Amino acid sequence: MSKIEKETKNILNFLLQIEKLKKMKRTLWSGSGVKNPETFAEHSFRMSVMSWILAREAKEGLDFKKIIKISLVHDLPSVCFKKKSGKRNAAENKKAVKRLSRLLPPHLNKDICQSYLEYEKPASKEGKFVRQVDKIETFLQALEYLGNKPNAALEPLRKEIKESISSPHLLNFFSEIERKFFGNEKKSGNVDFFLEVGKMKKRIRESWAAKKIKIESAVADDSFMLAMAVWFFAPKRLNLEEMFKMALIYEICEAYIGEKSFLEKIFPGLFVKTSKEKLFKKEWRKKEAYVKKICRNCNNSLTNKIVNLWSKCKGRKTAEGNFVNQMYWAMTMLELLERWKNDKKIFLRSWTKEMIYYIDNVVVLGFLNEMYKKYLNGKNEFFEQ
Amino acid sequence: MEEQKKYYLTKEGVKKIREELENLLQLKKIKLKQEDISLLHSDELNAEFLSFHEDFDILESRIQELEHILHNFEIIKKSSKKEKNIVDLGAQVLVEVDGEDDEFMIVGTLEANPSEGRISNESPVGKALMGRKVGETILINCPAQIETTFKIKKIRY
């Protein structure tokens with residue numbers, strides 16, 4: 001086995017470990033009467049989006065890439081602890097992250113551990129910022145679950161969070177949330193946007209429904225995993241910060257798609273080229289309109305940024321967009337293979353066929369081959385006969 | 001190694017890249033001078049500028065990427081009469097895949113988007129079909145012991 005194959009295999013195993021965050025419910029909501037609460041992955045997803053966008057507007061000279069990394073890894077220790085209750089101390093958490101990432105290639109291992117430490121013992125302004133956003137995201141979620149009526153759990157949380165915020169921009173944002181939920185402010189740019197993004201915690205990907213596949217993980221879970229995979233496989237020459245942002249917003253339009261019923265089939269093998277182009281354009285127009293709808297109360301700069309990122313990824317218009325788009329397909333395959341393990345009725349054939357059309361990046365092809373080796377026994381290199 | 005990579009592009013593809021580079025260089029100039037964005041008359045450019053406004057690094061790296069491509073590209077040439085029945089870059093290929101017709105164009109990786117019917121010559125399908133003739137049947141190994149059969153029915157340039 002070559003060094004690259006070994007590294008790819010270890011990354012795959014690491015991804016499968018952190019995949020548990022897609023199923024683990026946040027312990028915070030146990031006992032609060034919330035039915036089917038969010039998972040750790042869903043919380044980390046929206047927190048990453050919030051950290052990036054709030055940092056962008058805070059103008060406090062923050063490093064966005066670092067901010068997203070810290071947000072993505074901040075709940076990693078939970079993977080290692082089966083016991084749901086009880087607070088763990090910092091040393092236990094640190095040890096858990098070290099143990100979890102020990103098989104990763106050295107540069108990634110270091111990156112993960114450092115990013116986690118930034119959260120646990122925030123020495124940098126980025127670490128401090130993310131810690132505050134973590135609390136604000138939780139408060140926003142609490143308001144969504146519990147409403148704004150007097151609640152024994154909400155008021156102490158509100159007070160505690162308010163007292164712990166030091167960033168002026170985050171304090172403003174917190175007031176924005178309060179005005180939205182406790183005041184008369186109906187339209188509230190960023191709060192509205194983050195509430196829309198929060199819908200992805202409940203939405204199931206349209207393509208699963210289209211192919212009648214029962215997969216319970218929400219779009220937010222998948223987007224969290226996509227961002228992680230992009231981090232681990234990113235070619236050095238590409239801009240990781242841009243790819244993180246693409247991975248986080250690529251499926252944002254699913255927040256609305258689930259409400260409509262357009263199960264268009266755009267898969268190759270079913271249509272001649274002209275029909276494919278037509279369907280693609282039709283799908284593009286609809287999805288772009290949804291992305292704009294989600295951003296409708298945001299300022300122009302943010303709306304343009306989000307639409308631009310989405311369009312570059314969906315249309316494979318830049319090297320970064322092309323890579324994230326292909327990684328999205330590979331992660332889709334990983335999700336399917338994980339389900340297929342327990343449900344052999346899932347029809348893999350049409351999906352494996354998609355891959356030979358959609359993927360041409362050597363790194364992503366290598367990742368797929370490792371998946372096939374793991375789940376389908378034996379080496380299955382793509383080759384012609 | 002990546003530095004020497006050749007990018008295969010259609011004429012339209014090269015035109016698009018040149019136009020994009022021109023626009024981005026204009027945006028960079030405006031950004032560096034900190035001029036008013038109202039100078040940009042086109043709505044499309046304006047949107048692009050707003051998106052790049054805070055991400056100067058992205059603008060820079062995209063400019064570098066486009067310049068790199070324009071230094072290392074090769075236009076997809078029209079095939080000679082003799083080679084017209086052979087699959088090459090730029091070919092519009094009609095194939096029968098497991099009993100169903102499918103049509104797509106083989107292009108370089110930069111212009112590929114299978115959802116729009118443009119398949120990369122570096123993808124497993126693209127690689128397998130390159131250099132093949134009408135009437136040939138090609139088996140592409142997918143995992144799970146699944147083989148997909150491609151029968152080339154027609155090639156157009």
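Lettering of chains follows the sequences in order, A, B, ..., and the numbering in each one begins at 1. Computed from a predicted model, the values in this text were never measured in an experiment.
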**Message:** With side-chain hydrogen bond (donor to acceptor under 3.5 Å, both in side chains) as the test, pick out the partner of A:Glu283 among A:Lys287, A:Arg285, A:Lys286.
**Reply:** A:Lys287

**Message:** Between B:Glu19 and B:Asn23, does the side chain to side chain donor-acceptor pair (under 3.5 Å) criterion hold? Intermediate values first, please.
**Reply:** CA-CA 6 Å; B:Glu19 276 171 7; B:Asn23 286 341; over 6 Å; no

**Asked** B:Asp98 versus chain A, heavy atoms under 4.5 Å apart: side chain, backbone, both or neither?
**Response** side chain

**Fill in**
Assert top hit (heavy-atom pairs under 4.5 Å, partner chain A, pool B:Ser123, B:Ala112, B:Gly126) equals B:Ser123

**Item:** Best-contacting candidate, B:Glu96, B:Glu65, B:Glu111, against chain A by heavy atom pairs under 4.5 angstrom
**Value:** B:Glu65

**Message:** Taking the ring of A:Tyr328 and the ring of A:Tyr250, is the distance between their centroids below 6.0 Å?
**Reply:** yes

**Request:** Please state whether the side chain, the backbone, both or neither of A:Lys317 comes within less than 4.5 Å of a heavy atom of chain B.
**Result:** backbone

**Polar contact flag, side-chain donor to acceptor under 3.5 angstrom, A:Arg56-A:Ser301** = yes

